[in-house]
Structure formats: C-alpha cells, structure tokens
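The next block holds one structure in the form of structure tokens; read it before the comments.
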Amino acid sequence: MARRFSLSARMTTIAAILLCLLGAIAIHEVWTLHRQVAQERHTLARSLVEAIRNQIEYFHTLEIIGDLSRAEAQRQALQVIQAARFSDGNYLWVHDLDGNVLAHPLNPELVEQSRQGSLSPEMSALLERFNKAISIKDSATVSYMWPSPRGGEPTAKVSYLIHFEPWNWVIGSGVYLGDINQETRSRAWLLLGSLAVIAVLAIGVTLRLALGITRPLKQVTAAMAAVAAGDLDHPLPPVERNDEVGDLSRAMAIFCQQQRAARAIQLAHQEQQRLTSTVFNTIAEGVIVTDASGVIKAVNPSFTQLTGYQPEEAIGQTPRLFASGRHDSEFYRQMWDSLLHDGQWSGEIWNKTKEGRVFPEWLSIRAIHDDNQQISEYVAAFSDITQRKQQEERVQWFADHDSLTGLINRRAFDRDLPELVRNALNNHLRVAFLFIDLDRFKDINDTHGHLIGDRLLQAVAQRLRYSVRDSDLVARMGGDEFVIVLSPIHDRMAVYRLADTLVNKLAEPLHIEHTTLLPSASIGVLLVPDHAKSVDEALRLADQALYRAKNQGRNQWATLDGKGTVPAQAIKDDNPRSEAEG
C-alpha cells in the first residue's frame with residue numbers, strides 16, 4: 001500500500017522549498033550588490049578625475065590662445081581644484097612627475113609640506129609609485145594600503161590616475177575598499193530584512209492555506225459519509241468557499257437538496273397553493289386576472305370592495321367595463337405597447353365604479369408567459385389613491401398660499417406673474433399693479449398684540465379679495481404687504497377708481513376681540529406697458545409709487561406722477577396699441 005502523503009505535509013514541503021529558494025536568491029543578490037557598489041565607487045572616482053582634467057584642459061586652452069601665461073593658467077587651475085568639494089567622503093589630488101603635491105582639497109597641508117620638501121617617506125614613495133604606473137600609459141589604477149581620512153589603521157585602497165601630459169601633472173582619486181564593504185553591508189541588511197519579511201509572510205500564507213483546505217475537507221468527508229448512510233438532514237459544510245472545496249460542498253448540497261425536494265415536492269405544492277389563495281383573497285389591492293385577449297378570468301374580494309362589481313358581474317367581461325372616459329385612445333395604445341414590448345406597465349389611471357364614481361387608482365399590470373414564451377395571462381393589481389391625491393392637492397395648496405390669509409404667497413406670485421403679464425401683452429392689453437402696505441401696522445401689533453394683528457391681516461385680505469375679480473391675482477408678499485395684479489385692463493380710470501375704493505374700504509373701522517381698530521393703507525399704482533415694459537421694472541416702480549403715497553401722508557394711493565393724479569397719457573385713447581402709435 002502506497003504511503004499516504006497528506007496535504008499538510010505537502011504544504012510544509014512547499015514552504016521549505018520556498019525558504020531554500022529565498023536563501024539562494026539572498027546569496028546571489030548580496031554578491032551582485034557588492035559588485036554593484038564597487039562599480040559605483042570606481043565610476044565615481046573616474047568621474048571626479050575626468051571632471052578635474054576638463055577644468056585643467058580649459059585653462060590650458062587659455063594658455064594656448066595666449067589669454068594666460070602658463071604660470072597664471074596653472075595657478076588659476078589649482079585654485080579651482082583646491083576649492084572643489086565632493087560628497088560621501090570622496091576627494092582627489094594633483095601632483096607632478098617630480099613628486100610634488102600641487103593640490104589636495106582634503107589635506108591642504110600636503111601641498112605646504114611638498115613646497116617645503118618635507119613630505120613623509122611613505123607619501124613620497126607612493127607618489128613615485130603613481131608616476132611609475134602612468135609612465136606606461138596615460139591612465140592607471142593602483143592598489144595600495146593607506147590610512148583612512150576618518151583615522152585608524154591603513155586599509156586597502158584603489159586609486160584611479162590620469163596623466164595630463166602638457167603640464168606633466170597627475171590627477172588622482174581613490175576608493176577605500178572598506179567603504180565599499182560597509183555600504184554593501186548596509187544595503188545587504190536592508191535586502192535581507194525584506195527577504196525575511198517575505199519569507200515570514202510566505203510561511204504564514206502557506207500554513208493558512210493548508211489549514212484552510214484540510215479542515216473543510218475533513219468536514220466534507222464526514223458529511224458525505226452521513227449522507228451516504230441516508231441522513232439527508234445532516235449539517236453540511238459551508239458552501240461559500242470559492243475553490244474546489246467549495247465546489248465539492250456545493251455539489252453535495254445540491255444533491256441533498258434534490259433528494260429532499262423529491263420527498264417534499266407534493267407538500268410544497270399544496271402549501272404554495274394555500275399561500276397563493278390566502279394572498280389573493282386577503283391582499284388590500286384589487287387583483288384582476290385576464291387571459292391573453294384581455295377577458296377577465298378571476299378577481300379577488302378587494303376588487304369587489306373597490307369597484308362594487310361582484311365576481312360574476314366582472315368575469316367574462318373586459319377591463320373596458322371600468323373605463324372612466326378620461327383617457328383617449330393614445331393612452332391605451334401606449335399601455336398595450338408597453339405590455340407587449342416590456343411585459344409590464346404601471347401608472348396612474350382613472351376608472352369608474354359600478355355606481356358610476358370616477359376615482360384615481362395606481363395600476364400595475366404584468367404579462368405571464370407559458371413554457372413557449374407566449375403570453376398566456378395578464379395579472380393587474382390596483383389601489384384607490386383618492387386620499388393620496390387629495391393630500392397632494394392639500395400639500396400643493398399650502399405650498400402656494402399664505403397660511404394666515406389664504407391668499408397666494410410670494411412663491412406662487414413670482415411663478416405665475418410672468419405668464420399672466422406675457423399673455424396680456426401678447427393680446428395688446430394692460431396689466432395693473434397695486435402695491436398695498438398697511439399704515440403703522442407695527443404700532444397695532446405692539447399695542448394690541450400679534451393675535452389682533454393677525455386678525456387684522458385676515459380682514460384686510462378678505463376685503464381685498466372681495467374687491468377684485470376672480471381672475472385677478474391677490475397675494476400677500478409678507479408682513480403687512482399685499483399686491484393686486486389686475487389683468488386684463490381695458491380702462492385705466494377703472495384702476496384709479498379701484499385704488500380710491502380700496503383706500504376707503506381699508507380705512508373702515510374693524511371690531512376685533514372687543515377692540516376697535518382704525519386701519520389705513522397706502523397704495524402704489526403702476527400700469528404695464530404704460531409705465532414699465534417688464535415685470536421686474538413694474539415691481540420696482542410700483543414699490544416706488546407705494547413709498548410716494550407713504551411719504552405724502554399715508555392713507556392714499558399714488559402713481560409715479562403723484563398722489564391720486566391721473567397721468568396725462570390717460571386722456572388719450574385707452575387702447576395700448578393706439579397710444580404707442582400716437
């Protein structure tokens with residue numbers, strides 16, 4: 001019998017192989033990193049030397065063309081070299097073939113020692129070695145031991161040299177191998193740390209995967225054994241996994257479900273019929289079932305309650321039995337197009353009860369298809385939305401009317417006014433604006449209280465509404481301000497007479513809550529298009545006329561021409577078109 005190799009053991013083997021691979025990668029990367037750092041340092045040294053040689057060549061060019069003497073060119077070149085500074089501890093020097101140090105930005109004392117002939121034997125020997133190396137070719141690389149600028153014992157160093165032949169100068173820059181090793185170690189630790197994190201994550205993921213597979217497999221195995229023994233109600237393992245274990249669990253769940261369904265299908269069918277019958281008979285919405293041609297096959301009790309038709313009166317008829325006559329043929333054509341194209345339709349419709357009452361309803365119709373995808377029936381559900389419509393109308397009324405006086409409010413006034421004026425002007429008719437403001441209303445509020453003030457506003461609104469035609473706009477603009485818009489106007493003098501009447505009417509005493517009030521009002525009158533050509537201009541000028549009336553003593557009306565004064569234009573023909581022509 002073959003030895004069993006469990007999934008857990010396999011996953012552990014994979015983890016071990018992964019660790020070995022990571023170790024090999026780490027060794028290779030550290031070796032590569034050392035080569036890369038060394039190459040970078042050597043390249044940097046060469047770059048420094050090449051940069052300084054370019055500087056020297058520049059001054060040598062000035063010498064050739066005669067702008068500088070050789071001594072001056074060399075002096076300026078050494079100044080530039082001595083002032084050079086480099087990062088990361090890099091430095092360079094310049095010496096000649098005679099063994100004299102000409103420039104050393106890091107150790108300028110070497111230049112002074114060279115001038116005095118007091119260079120150390122070690123330094124002199126090193127310079128001689130450098131000169132010997134470049135005597136073979138113009139550039140050379142020399143390895144040697146030399147103390148680090150940071151102090152300590154001599155350490156391995158590699159210097160790169162270039163011979164500048166015109167002046168017999170040698171330019172050099174070096175790299176300490178210890179610096180390369182130190183930088184390599186720093187980068188290597190960072191690399192190894194990253195690989196260690198990867199290794200830990202890989203092992204953790206591997207172990208999690210192993211446990212995530214072996215545990216549910218054991219559950220699946222135990223469940224399959226129970227199902228094989230005939231226990232279809234045995235708890236099944238979770239089926240949410242999106243892998244092979246989940247596929248196996250789902251397949252077993254489907255198998256058990258099919259077996260249980262085969263035993264319970266009859267009971268389920270009976271229960272479904274019972275529930276369907278209960279819903280059909282108890283749902284609050286009226287339900288109608290028709291065949292494919294629209295003949296009613298069944299209705300529920302709510303249908304009878306909503307329409308007044310008994311089932312025997314509706315079955316065999318078509319829904320035209322309830323038609324209210326409010327919808328044209330195009331409405332029903334679009335309904336049937338939606339049913340045939342989309343298989344459903346819903347919307348607001350008006351139908352008629354058996355007693356002849358027309359009511360709004362929300363109707364939803366859905367087409368039922370047979371096995372051949374042909375429409376076999378239509379099921380319609382509807383509900384009476386009369387109360388909802390009434391509530392919507394009530395909400396709309398409150399949105400457009402002032403709650404205290406019942407007049408239209410500023411919002412409705414601003415919305416309806418432009419259309420009213422436009423219609424009048426299009427028909428060559430006038431529109432009159434009467435801006436009304438109660439005189440000293442604040443004093444009444446302060447003296448008698450806001451309740452008396454509100455009752456006064458209600459009485460004023462009633463007098464205004466009863467003084468004009470039903471077609472005229474009367475609005476409360478806020479506080480004690482009202483506006484009347486008269487349209488259409490055929491006789492301007494009638495507007496002025498109405499203004500006189502309103503002033504007198506609003507000045508009549510009022511008896512409110514055992515209190516007698518003596519109110520008065522100021523009115524600004526303006527005609528369109530006589531005094532203004534647009535709605536905005538009319539509102540602005542009418543407001544100015546109102547303040548003219550107040551400034552002239554209140555309790556009167558005024559136009560832009562003065563209190564109670566009929567404009568001279570009024571004596572002409574009262575037709576707007578003829579006035580424009582005259």
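Hydrogens, waters and symmetry mates are skipped; everything else that's a heavy atom, side chains included, is used.
Looking at heavy atoms from C-beta onward, Glu481 lies out of side-chain contact with Ile436 at the 4.5 angstrom threshold. Counting only heavy atoms from C-beta outward, the side chains of Leu425 and Val528 approach each other to under 4.5 Å. Taking the side chain as every heavy atom from C-beta outward, Val431 and Val421 approach each other to under 4.5 Å. Taking the side chain as every heavy atom from C-beta outward, Leu560 and Leu541 approach each other to under 4.5 Å. With contacts defined as side-chain heavy-atom distances shorter than 4.5 Å, the pair Phe59/Val80 qualifies. Between Val101 and Met123, the closest side-chain pair of non-hydrogen atoms falls below 4.5 Å. Side-chain atoms of Leu417 and Val483, non-hydrogen and from C-beta on, never get closer than 4.5 Å to each other. Within the 4.5 Å cutoff, the side chain of Ile375 has no heavy atoms near those of the Ile368 side chain.
Aromatic ring centres of Tyr144 and Phe130 lie closer together than 6.0 Å. Residues His531 and Phe433 keep their aromatic ring centres 6.0 Å or farther apart.
With values rounded to the nearest 0.5 angstrom, Glu348 atom CD is found 7.0 Å from Trp362 atom CH2. Here CG of Leu339 is found 7.0 Å from CE of Met335. Values are rounded to the nearest 0.5 Å. Separating the CG atom in Leu127 from the CG atom in Leu119 is a distance of 6.5 Å, to the nearest 0.5 Å. Atom CG in Leu457 sits 7.0 Å away from atom CG in Asp480 (nearest 0.5 Å). Atom OH of Tyr160 is separated from atom CD1 of Ile171 by 10.0 Å, given to the nearest 0.5 angstrom. Put simply, OG on Ser173 and CG on Leu48 are 4.5 Å apart, with the number rounded to the nearest 0.5 Å.
Arg476 contributes no side-chain N or O that, together with a main-chain N or O of Phe482, makes up a donor-acceptor pair within less than 3.5 Å. Distance alone, capped at 3.5 Å, is enough to place a donor-acceptor pair between the Asn551 side chain and the Tyr547 backbone. Between the side chain of Asn409 and the backbone N or O of Ala399, at least one donor-acceptor pair lies under 3.5 Å. Between the Ser346 side chain and the Ser364 main chain, no donor and acceptor come within less than 3.5 Å of each other. Of the possible polar contacts, none joining the Asn100 side chain to the Asp96 backbone as a donor-acceptor pair under 3.5 Å is found. His401 places a side-chain N or O within donor-acceptor distance of the main-chain N or O of Trp397, the cut-off being under 3.5 Å. In this structure, the side chain of Asp342 does not engage the main chain of Gln344 through any donor-acceptor pair within 3.5 Å. With Ser114 contributing its side chain and Leu110 its backbone, the two residues share no donor-acceptor pair below 3.5 Å. The closest donor-acceptor contact from the side chain of Ser118 to the backbone of Gln113 lies under 3.5 Å. Under the 3.5 Å distance criterion, the side-chain polar atoms of Lys533 are matched with a main-chain donor or acceptor of Pro529.
Pairs passing the side chain to side chain donor-acceptor pair (under 3.5 Å) check and including a residue from residues 122-136, sequence neighbours excluded, read His95-Asn131.
Between His60 and Trp167, the ring planes lie perpendicular to each other; the angle is over 60°, past the 30° to 60° tilted range.
Side chain to side chain, Glu72 and Gln76 meet the donor-acceptor criterion of an N or O pair below 3.5 Å. A donor-acceptor contact under 3.5 angstrom links the side chains of Gln116 and Glu112, judged on distance only. If you check the side chains of Glu50 and Asn54, you find no donor sitting under 3.5 Å from an acceptor.
Across Ser143 and Val158, no two heavy atoms sit closer than the pair OG-CG2, 3.5 Å. Scanning both residues, Leu78 and Ala103, for their nearest heavy atoms gives CD2-CB, 3.9 Å. Between Ile65 and Asp67, the closest heavy-atom pair is CD1-OD2, 3.1 Å.
Summarising the local packing, CD of Glu165 is surrounded by 12 or fewer heavy atoms from other residues, nucleotides or ligands at distances under 6.0 Å. Crowding of Arg394 atom CZ: a count of heavy atoms from other residues, nucleotides or ligands under 6.0 Å not exceeding 12.
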Can Arg410 and Asp402 be said to form a salt bridge (charged side-chain N to carboxylate O under 4.0 Å, His left out), step by step?
CA-CA 8 Å; Arg410 180 65 176 265; Asp402 175 49; over 6 Å; no
Check step by step if salt bridge (charged side-chain N to carboxylate O under 4.0 Å, His left out) holds for Asp536 and Arg540.
CA-CA 6 Å; Asp536 291 339; Arg540 178 175 57 83; over 6 Å; no
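Residues that satisfy the salt bridge (Lys or Arg N to Asp or Glu O under 4.0 Å) test with Arg70, not counting sequence neighbours, are Glu63.
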